[in-house]
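This is a predicted model, so every value here is computed, not measured.
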Amino acid sequence: ATVKATDDVTAVVQLTDQTYGEGVSYDSSKLSNDSAMDNNSNKVFLDNAYINVRNMFDMPVDMTFGRQNLIYGSGFVVLDGQSQFASTSIYFDGVKLRWHATDKTSLDLLYMKDQENSVKNSDDDDITLSGAYLTSKQCPFIGKSELYVLNRNDEGLKKDIWMYGMRLSDKLANGFDYSVEGALQRGDAKLNQSQDAYGYKLDAGYTFKDVSMTPRL
């Protein structure tokens with residue numbers, strides 16, 4: 001359900017029904033959680049529930065507050081949020097501010113709960129995602145560039161991880177397209193464990209234009 005209160009204020013509520021399939025059974029002696037045995041199609045949950053406000057205080061700033069999906073780039077870094085509903089949900093709970101610096105440049109500021117109350121009977125077990133994500137669609141000779149600084153804090157594991165990354169992509173008029181993304185992680189966990197990692201993703205393709213189905217290789 002989508003309700004447009006004004007030209008700049010919109011509310012969205014989405015319910016999802018989780019279904020794993022029929023005929024799946026579990027060995028109850030190997031399960032510590034009795035609810036995990038329930039494989040019926042009866043798990044309706046609140047998938048999205050957010051309010052979007054555009055042009056806050058007559059400034060080029062938008063706010064999205066509540067339960068929402070986040071997908072940046074190709075989803076290499078930011079895509080999947082809460083996981084207790086398996087692959088039927090990807091939402092985060094929190095607030096996103098987007099500043100439209102120009103028509104082609106925007107900066108997102110995030111404060112999200114990746115997982116909340118992940119450990120039973122604990123008050124300090126949340127996983128929080130926060131940071132900034134800059135997107136520009138007017139870079140010379142590149143096309144689209146994305147820069148981000150993100151922090152993921154796991155209170156239960158006492159793990160505090162910072163990520164610094166960049167993504168470059170473009171789709172050329174001759175049919176070629178590409179994307180290049182890389183990120184570094186630095187941080188600490190409990191017992192003074194250092195957390196250092198890096199990752200990258202490369203993709204290139206060519207789309208045939210003179211055929212009916214326009215396949216991409």
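The shortest distance between side-chain heavy atoms of F208 and L217 falls below 4.5 Å. No side-chain heavy atom of R152 sits less than 4.5 Å from a side-chain heavy atom of S130. For the pair I90 and I71, the minimum side-chain heavy-atom distance is below 4.5 Å. Annotation: side chain of V95 is in contact with side chain of M63 (closest heavy-atom distance under 4.5 Å).
Within a 6.0 Å sphere centred on CG of D103, heavy atoms belonging to other residues, nucleotides or ligands number 12 at most. Shown here is M166, whose CE atom has no more than 12 heavy atoms of other residues, nucleotides or ligands within 6.0 Å. Within 6.0 Å of atom CD1 in I51, 12 or fewer heavy atoms from other residues, nucleotides or ligands are found, so the atom counts as exposed in its surroundings. The neighbour count for Y72 OH, taken as heavy atoms of other residues, nucleotides or ligands under 6.0 Å away, is above 12. Within a 6.0 Å radius of CG in D196, more than 12 heavy atoms belonging to other residues, nucleotides or ligands are found. Atom NZ of K201 is surrounded by more than 12 heavy atoms from other residues, nucleotides or ligands within 6.0 Å.
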Intermediate values then yes/no, side chain to side chain contact (heavy atoms under 4.5 Å, CB included), T214 and K209: CA-CA 5 Å; T214 62; K209 296 183 176 182; 5.7 Å; no
Test log, rule side chain to side chain donor-acceptor pair (under 3.5 Å), inputs Y133 and E146: CA-CA 7 Å; Y133 200 103; E146 300 162 77; 2.7 Å; yes
Intermediate values then yes/no, side chain to side chain contact (heavy atoms under 4.5 Å, CB included), W99 and S106: CA-CA 5 Å; W99 172 44; S106 63; over 6 Å; no
Verdict with supporting geometry, K144 and D170, salt bridge (charged side-chain N to carboxylate O under 4.0 Å, His left out): CA-CA 6 Å; K144 184 178 181 180; D170 199 4; over 6 Å; no
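Checked by atom type, the side-chain pair E181/Y148 shows a donor-acceptor distance below 3.5 Å. For the residue pair N52/T64, the side-chain donor-acceptor check at 3.5 Å is satisfied. In summary, the side chains of K113 and T128 do present a donor paired with an acceptor at a separation below 3.5 Å, with no hydrogens or angles considered.
At least one donor-acceptor pair under 3.5 Å links the side chain of E155 to the backbone N or O of D126. For the pair Q68 (side chain) and G94 (backbone), a donor-acceptor distance under 3.5 Å is present. Judged by distance alone, with hydrogens and angles left aside, the side-chain atoms of N151 form a donor-acceptor pair with the main-chain N or O of I161 at under 3.5 Å.
Heavy-atom minimum distance, N55 versus P60: OD1-CA, 4.5 Å. Of all non-hydrogen atoms in S145 and L168, the two that sit nearest each other are CB-CD2, 3.6 Å. Looking at every heavy atom in both residues, A189 comes nearest to Q195 through CB-NE2, 3.8 Å. Summarising the geometry of P215 relative to V211, their closest heavy-atom pair is CD-CG2, 3.2 Å, with the distance given to 0.1 Å. In terms of heavy-atom proximity, Y206 sits nearest to N174 at CE1-O, 3.2 Å. Residues R54 and D62 approach most closely at CA-OD1, 3.3 Å, considering heavy atoms.
Annotation: the span from R186 atom CZ to D160 atom CG amounts to 14.0 Å, rounded to 0.5 Å. Note that CG of D47 and CD of Q14 are 5.0 Å apart. Values are rounded to the nearest 0.5 Å. Of the inter-residue distances, the one linking F92 atom CZ with I127 atom CD1 reads 10.5 Å to the nearest 0.5 angstrom. Note that OG1 of T105 and CG of L134 are 7.0 Å apart. Values are rounded to the nearest 0.5 Å. The distance from atom CG of D188 to atom CH2 of W162, rounded to the nearest 0.5 Å, is 12.5 Å. L70 CG to D114 CG: the interatomic distance, rounded to the nearest 0.5 Å, is 10.0 Å.
Using a cut-off of 4.0 Å between Lys/Arg side-chain N and Asp/Glu carboxylate O, K159 and D154 are scored as not salt-bridged. A salt bridge links D177 to R216: one of the charged nitrogens lies within less than 4.0 Å of a carboxylate oxygen. With salt bridges taken as basic N to acidic carboxylate O contacts below 4.0 Å, one links R98 and D108.
A cation-pi contact, defined as under 6.0 Å to the ring centre and within 45° of the axis, links R67 to Y91.
Cluster annotation: I142 and L172 are assigned to distinct hydrophobic clusters (Ile/Leu/Val/Met/Phe/Trp/Tyr, side-chain heavy-atom contacts under 4.5 Å, transitive).
Centroid-to-centroid, the aromatic rings of Y178 and F176 stay 6.0 Å apart or farther.
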